[in-house]
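Order of listing sets the numbers, starting from 1, for every ligand and every atom in it. Because the structure is a prediction, the values reported are computed rather than measured. As a basis for the values below, the full set of heavy atoms in this structure was taken, side chains included, without hydrogen atoms, waters or symmetry mates.
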Amino acid sequence: MRIETQCLHEGYTPKNGEPTVLPIYQATTYKYDSTAHVGKLFDLQEEGCTYSRMANPTVQAVEKKIAALEGGVGALCTSSGQAAILIAVLNILNAGDHIVSAAAIYGGTVNLFAVTLKRLGIDCTFVDADASEEEIQKAFRPNTRLVYGETIANPAIAVLDIEKLARVAHRNKVPLLVDNTFATPILCRPFEHGADLIIHSTTKYMDGHSIQLGGVIVDSGNFDWAAGGYDCLTQPDPSYHGVTYTQQFGSSAYITKARVQLMRDFGAYPTAQDAFLLNLGLETLPLRMERHCRNAEAIARFLTTCEKVEGVNYPTLEGNPYRELAKKYLPKGCSGVISFSLKGGREQAARFIDNLKLAMLAVHVADARTMVLHPATTTHRQLTDEQILAAGITPGLVRLSVGLEHVDDIIADLAQALEKA
Ligand SMILES: *Cc1c(COP(=O)(O)O)cnc(C)c1O
């Protein structure tokens, strides 16, 4: 099946007389015919549900679908994107270990890596992902156990050279984990470029309607955990009566452990309701991504012609530093997220946003409706102009998440608000 067909048909196949749509199994608990069967489930010798903290049939259908979309061997849904990153990391890292991460990543992930994981004894070095392999190599230590980056960085809109990072990671016998939230598997499939693990905030385009918060971890099944010395996967797990994940589950070792050990212990599994809503979003994802990209491309070009606009950041524009990487990794488009700067700074940008009629002021991106955010008066409000510049943002910067409205209506709204700014 091609990806458009997978979005509709993977994960759930109704049998004779069953509902055409994925049913919501609103259940925490499951019934068995024999103790022998339950025994097999608890020994992980048979697939099935024991408790909805680790697995639920509605959520599992969505996991199968997302695993297929990314071309992985398995997936685990989580209750948020942040939970997906936390579990993905802690599944293979212990206190004393080290992460090499691209510096241009989501602010929430920077906090997780720089502050919270540090408290747990895991260090992170942030590197310029645009630097040479030799330069990035310098950040590695003997205890480095993971490389991390975002396909399209939020909010910098930088495109990651996935193949370069995979080469550096693999030379050090370390897996590459890619946050593919903005690209979605429709625009980029990181496993085809050497990534080993993927996470998504499904809160964004996969949902697309601002109705559920969620995340997912996908395992390519390609990484050689034994060669890398990942004892937590290749040695018996005392918390699961001595199971050795690589021995019993082969290429699905990583994702199986994430579910049966960490999800069991942390309990950040999504509800069946939320998985149902996410599945609705996934069904139309290819159509929506195509339109988000087409609208964003036209709007980025329109903004470059506006006198009050200082600079427009969208990877397909002439002169954008990520144009070549975008051609290689994102040939179908670069998502709906654009950033641009207004001349005149903080006040001018605020006036522009306050005059928008169609585009909504919201702390969100990747929705069907066009949304704007002004970092200098919201997320970066406490900072002075000098501090904002040091964070790589200008006081007049506006982040625009282009929606699915008719492009002429969005352009008309932007034009009238620019007039008043
Ligand atoms: C939003 C976001 C996250 C965090 O996801 P939540 O679902 O909000 O927890 C992680 N990575 C990226 C790129 C995001 O945009």
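Per-residue contacts place Phe182 under 4.0 angstrom from the following atoms of ligand 1 (heavy atoms of the residue considered): 15 (O). Distances below 4.0 Å separate heavy atoms of Ser80 from the following atoms of ligand 1: 7 (O), 9 (O). Remark: ligand 1 atoms within the under-4.0 Å shell around heavy atoms of Gly81 are 5 (O), 6 (P), 7 (O), 9 (O). Atoms of ligand 1 found under 4.0 Å from any heavy atom of Glu150, numbered from 1 in the order shown, are 13 (C).
Under a cut-off of 6.0 angstrom, the local environment of CD in Glu347 is sparse, with at most 12 non-hydrogen atoms contributed by other residues, nucleotides or ligands. Within a 6.0 Å sphere centred on OH of Tyr25, heavy atoms belonging to other residues, nucleotides or ligands number 12 at most.
Evaluated for a side chain to side chain donor-acceptor pair (under 3.5 Å) with His98, the options Asp123, Asn143, Thr125 yield exactly one hit, Thr125.
Between Gln82 and ligand 1, at least one N/O pair is under 3.5 Å apart.
Not a single donor-acceptor pair under 3.5 Å links the side chain of Asp237 to the backbone N or O of Leu233.
Remark: Lys64 does not engage Glu10 in a salt bridge, criterion side-chain N to carboxylate O under 4.0 Å. Residues Arg301 and Glu297 are paired through a salt bridge, judged by an N-O separation under 4.0 Å between the basic side chain and the carboxylate.
At the top of the distance list for atom 1 (C) of ligand 1, counting protein heavy atoms only, stands Lys204 NZ, 1.5 Å. With respect to atom 7 (O) of ligand 1, the closest heavy atom belonging to the protein is Thr203 OG1, 2.6 Å.
Using the six-membered ring where Trp is involved, Trp225 and Tyr254 have ring planes that are parallel, under 30° apart on the 30 and 60° scheme.
Heavy atoms of Gly214 come nearer than 4.0 angstrom to ligand 1 in at least one pair.
The residue among Val365, Asp179, Asp207 with a heavy atom at the shortest distance from atom 11 (N) of ligand 1 is Asp179.
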